[in-house]
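Per chain, numbering begins at 1; letters A, B, ... match sequence-line order. Since this is a predicted model, take the numbers as computed values, not measurements. The figures here come from the full heavy-atom set of this structure, side chains too, leaving out hydrogens, waters and symmetry mates.
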Amino acid sequence: MGYGKKMNKKSLRIVYMGTPEISASVLERLVLAGFNIVGLVAQKDKPVGRKGILEPVPTKKVAMKYDIPIFQPEKIRLDYEFLKEINPDLIITLAYGQIVPQGVLDIPRFGAINLHGSLLPKYRGASPIQAALINGDKVTGVTLMEMTAKMDAGRMYAKKEVEISDNDNATSLFEKISLAAGDLILDSLEDYVDGKLVGVEQDESLVSVCHIIKPEQEKLSLMMGVKELYGWVRALSLEPGAYLLLDEEKFKIFKASIANYDVTGEVGQIVKADKGGLYLQCKDGQLSLLEVQKQGKKRMDYKSFLNGSPNLLNQLLK
RNA sequence: CGCGGGGUAGAGCAGUUGGCAGCUCAUCAGGCUCAUAACCUGAAGGUCGUAGGUUCAAGUCCUUCCCCCGCAA
């Protein structure tokens with residue numbers, strides 16, 4: 001194994017497109033593996049934190065560290081002339097955050113490839129990692145695929161599976177997926193450029209699509225069953241966090257588990273609040289709340305929360 | 001000066017109109033129980049975020065600064 005027998009890593013001009021943390025670590029691994037990253041395209045910096053300080057997006061930090069030229073067009077759809085000047089041989093994308101127009105895909109002679117956080121054709125779209133958690137999947141993965149004008153619909157070149165454990169939440173699964181994405185691209189890139197990866201079309205009959213999660217979906221609905229609630233808690237944890245309302249204030253649930261399928265109280269009622277657990281009655285079972293946070297307070301385990309909230313039993317969440 | 005909540009024992013909280021600093025959990029010692037996330041008894045553990053001011057007296061009232069959290073962007 002090893003790179004460089006046919007392909008010359010140094011001479012292959014790669015433009016990397018990506019924005020968040022999951023993408024930043026993959027970029028860094030490509031750099032450290034010796035690939036010639038001639039440019040980063042990322043979303044614009046956004047104000048972060050309470051004070052609204054403008055902070056570089058994660059991929060940008062990596063690019064700055066290795067002196068890679070950075071491009072942050074407002075709309076790649078309208079503004080991609082700069083890419084022609086860079087004249088890349090290949091574009092690699094991972095969670096860039098904008099739809100990339102055909103005009104961009106046509107620039108590099110080896111085309112544009114994308115790393116997608118699911119086993120396609122399952123979960124095309126914006127939130128594949130969360131979708132796997134919401135649906136309670138045991139396995140998900142990363143797919144290396146051809147970029148086409150249609151979102152996540154191109155030929156698939158390689159996949160890598162990732163197991164989802166009971167302890168995983170969005171934060172941990174994002175890390176796993178990021179790691180797997182890095183492994184996958186490093187394992188596949190040489191073969192791709194050498195034309196050894198034929199790729200297979202996606203089976204359109206198996207396609208499913210997941211949409212971007214809207215802020216209002218962070219408020220859990222007690223219309224959902226306990227399994228579904230559990231999935232949403234995991235999918236939204238730790239950032240931004242799923243919540244219900246307690247005393248008209250946000251009550252975030254960062255970690256939970258399914259306690260049982262009993263119904264002993266009203267939906268939304270705290271039916272158990274002692275050292276043995278903090279149980280929320282759902283319509284078809286009870287959710288054990290393990291890590292919570294009330295608005296304005298810190299995140300804490302349920303025992304600590306109970307210490308300071310002695311009258312929680314029988315209260316109603318909504 | 002975007003809006004709001006908060007900093008009190010290791011953790012989470014209470015502290016009324018200023019008047020001896022408390023509760024729950026954890027910890028330690030002892031007891032009870034076939035047993036326990038149970039129960040009983042006792043102990044240790046605090047410059048009440050910082051700096052200044054008012055007062056006979058400040059956790060509490062006024063001012064400075066620091067830090068944490070929720071929202072907004």
Side-chain angles (χ1 to χ4, degrees), chain A residues 19-24 42-61 72-76 95-98 126-127 130 166-167 169-172 211-222 226 229-230 232-262 264-265 268-281 285-318:
Chain A
T19 303
E21 204 61 55
I22 185 174
S23 195
Q43 292 271 52
K44 281 215 170 312
D45 296 342
K46 290 196 173 138
V48 173
R50 239 172 301 278
K51 295 181 178 167
I53 299 167
L54 212 60
E55 195 176 334
V57 296
T59 45
K60 183 175 177 179
K61 288 184 188 169
Q72 296 174 285
E74 183 84 42
K75 290 183 178 174
I76 190 76
Y96 168 54
Q98 292 189 41
S127 57
Q130 293 91 331
D166 290 341
N167 291 325
N169 59 21
T171 303
S172 66
H211 299 99
I212 194 163
I213 294 176
K214 299 183 186 115
E216 54 264 33
Q217 291 176 286
E218 293 159 18
K219 163 82 170 63
L220 297 174
S221 163
L222 289 168
V226 67
L229 285 166
Y230 172 62
W232 275 94
V233 167
R234 293 213 287 166
L236 294 173
S237 183
L238 296 168
E239 287 291 329
Y243 69 93
L244 287 165
L245 294 178
L246 172 63
D247 300 332
E248 303 303 320
E249 287 187 314
K250 277 195 180 184
F251 181 71
K252 287 195 177 183
I253 302 166
F254 289 103
K255 190 174 179 188
S257 65
I258 296 170
N260 56 56
Y261 295 95
D262 301 341
T264 61
Q269 192 172 24
I270 298 295
V271 288
K272 178 176 169 66
D274 56 44
K275 277 174 281 190
L278 174 58
Y279 289 7
L280 171 70
Q281 183 65 59
Q286 298 177 347
L287 195 64
S288 174
L289 312 183
L290 298 172
E291 206 172 296
V292 299
Q293 178 180 34
K294 200 169 171 187
Q295 187 171 316
K297 297 295 186 180
K298 290 183 181 173
R299 172 158 56 98
M300 65 188 86
D301 61 86
Y302 75 93
K303 286 184 185 175
S304 292
F305 185 75
L306 287 174
N307 281 339
S309 309
N311 301 319
L312 211 57
L313 190 63
N314 295 330
Q315 291 238 10
L316 277 177
L317 302 189
K318 51 185 180 179

Query raised in the report: Over how many whole Å does the gap from A:L290 atom CG to B:A37 atom P extend?
Result: 18 Å
Query - Of A:G276 and A:P240, the one whose closest RNA chain B nucleotide lies more 5' - result: A:G276
Query raised in the report: Quick one: A:K297 NZ to B:C67 C1', roughly how many Å, whole number?
Result: 15 Å
Report task. Quick one: label A:Q293 by what it contacts on the DNA or RNA (base, sugar-phosphate, nothing), any heavy atom closer than 4.0 Å. Result -> sugar-phosphate
Requested in this report: Name the closest nucleotide to the A:K275 side chain, picking from B:C71, B:A26, B:A11.
Outcome: B:A26
Query raised in the report: When the P atoms of B:A38 and B:C25 are considered, how many whole Å apart are they?
Result: 9 Å
Query raised in the report: In whole angstrom, what separates A:Y302's OH from B:A37's C1'?
Result: 8 Å
Requested in this report: Please give the nucleotide sitting opposite B:A58 as a Watson-Crick or G-U wobble pair, both distances under 3.5 Å, or none.
Outcome: none
Query - Distance-only donor-acceptor check, side chains A:Q286 and A:D262, under 3.5 Å - result: no
Query raised in the report: Which base, if any, makes a Watson-Crick or G-U wobble pair with B:U17, both distances under 3.5 Å?
Result: none
Query raised in the report: What's the shortest heavy-atom distance between A:D247 and A:Q315, and which atoms?
Result: OD1-OE1, 3.6 Å
**Report entry** Among A:R234, A:R299, A:K252, A:K298, the one residue meeting salt bridge (charged side-chain N to carboxylate O under 4.0 Å, His left out) with A:E291
**Finding:** A:R299
Report summary line: RNA chain B nearest-nucleotide lookup for A:G277 and A:R299: closer to the 5′ end is A:G277
Report task. Return the minimal non-hydrogen interatomic distance between A:L280 and A:L317, and the atom names on each side. Result -> CD1-CD1, 3.8 Å
Query raised in the report: Expressed in angstrom and rounded to an integer, what is the separation of A:L312 atom CG from B:A14 atom P?
Result: 14 Å
Query - Among B:C13, B:A11, B:C71, the nucleotide that comes nearest once only the side chain of A:M300 is considered - result: B:C13
Requested in this report: Indicate, with a heavy-atom threshold strictly under 4.0 Å, whether A:K303 touches base, sugar-phosphate, or nothing.
Outcome: nothing
**Report entry** Gap between atoms CG and P, on A:D247 and B:G4 respectively (whole Å)
**Finding:** 21 Å
Query raised in the report: Are side-chain N/O atoms of A:T19 and A:Q98 paired as donor and acceptor at under 3.5 Å?
Result: no
Requested in this report: State, with a plain yes or no, whether a side-chain heavy atom of A:K294 is found less than 4.5 Å away from one of A:F305.
Outcome: yes
Report summary line: The Watson-Crick or G-U wobble partner of B:U36, with both key distances under 3.5 Å, is none
Query raised in the report: Between B:C61 and B:U55, how far is it from one C1' atom to the other, in whole Å?
Result: 10 Å
Query raised in the report: If the P atom of B:G45 is compared with that of B:C28, how far apart are they to the nearest Å?
Result: 16 Å
Query - Inter-nucleotide P distance (B:U8, B:G59), Å rounded - result: 15 Å
**Report entry** B:G22 and B:C69, which share atom name C1', separated by this distance in whole Å
**Finding:** 25 Å
Query raised in the report: Is B:C28 paired to anything, Watson-Crick or G-U wobble with both distances less than 3.5 Å, and if yes, which nucleotide?
Result: B:G42
Report task. Side-chain contact test, heavy atoms from C-beta onward, threshold under 4.5 Å: evaluate it for A:W232 versus A:I213 and give yes or no. Result -> yes
Report task. Could you tell me whether A:K294 contacts a base, only the sugar-phosphate backbone, or nothing, with contacts defined as non-hydrogen atoms closer than 4.0 Å? Result -> nothing
**Report entry** Whole-Å gap separating P (B:G4) and NZ (A:K250)
**Finding:** 17 Å
Query raised in the report: Mind checking the P distance from B:A43 to B:G53? Whole angstroms is fine.
Result: 39 Å
Query raised in the report: Which value, in whole Å, describes the distance between the P atoms of nucleotides B:U63 and B:G5?
Result: 15 Å
Report task. Would you kindly give the NZ-to-C1' distance between A:K298 and B:U8, to the nearest whole Å? Result -> 13 Å
Query raised in the report: Taking any strand in view, what nucleotide pairs with B:C3 in a Watson-Crick or G-U wobble way, both distances under 3.5 Å?
Result: B:G70
Requested in this report: Counting heavy atoms from C-beta on, name the nucleotide in B:C68, B:G6, B:A11 closest to the side chain of A:S304.
Outcome: B:A11
Requested in this report: Using atom CG of A:L245 as one end and atom C1' of B:G70 as the other, report the distance to the nearest whole Å.
Outcome: 13 Å
Query - Atom P, compared across B:U16 and B:G7: separation rounded to whole Å - result: 12 Å
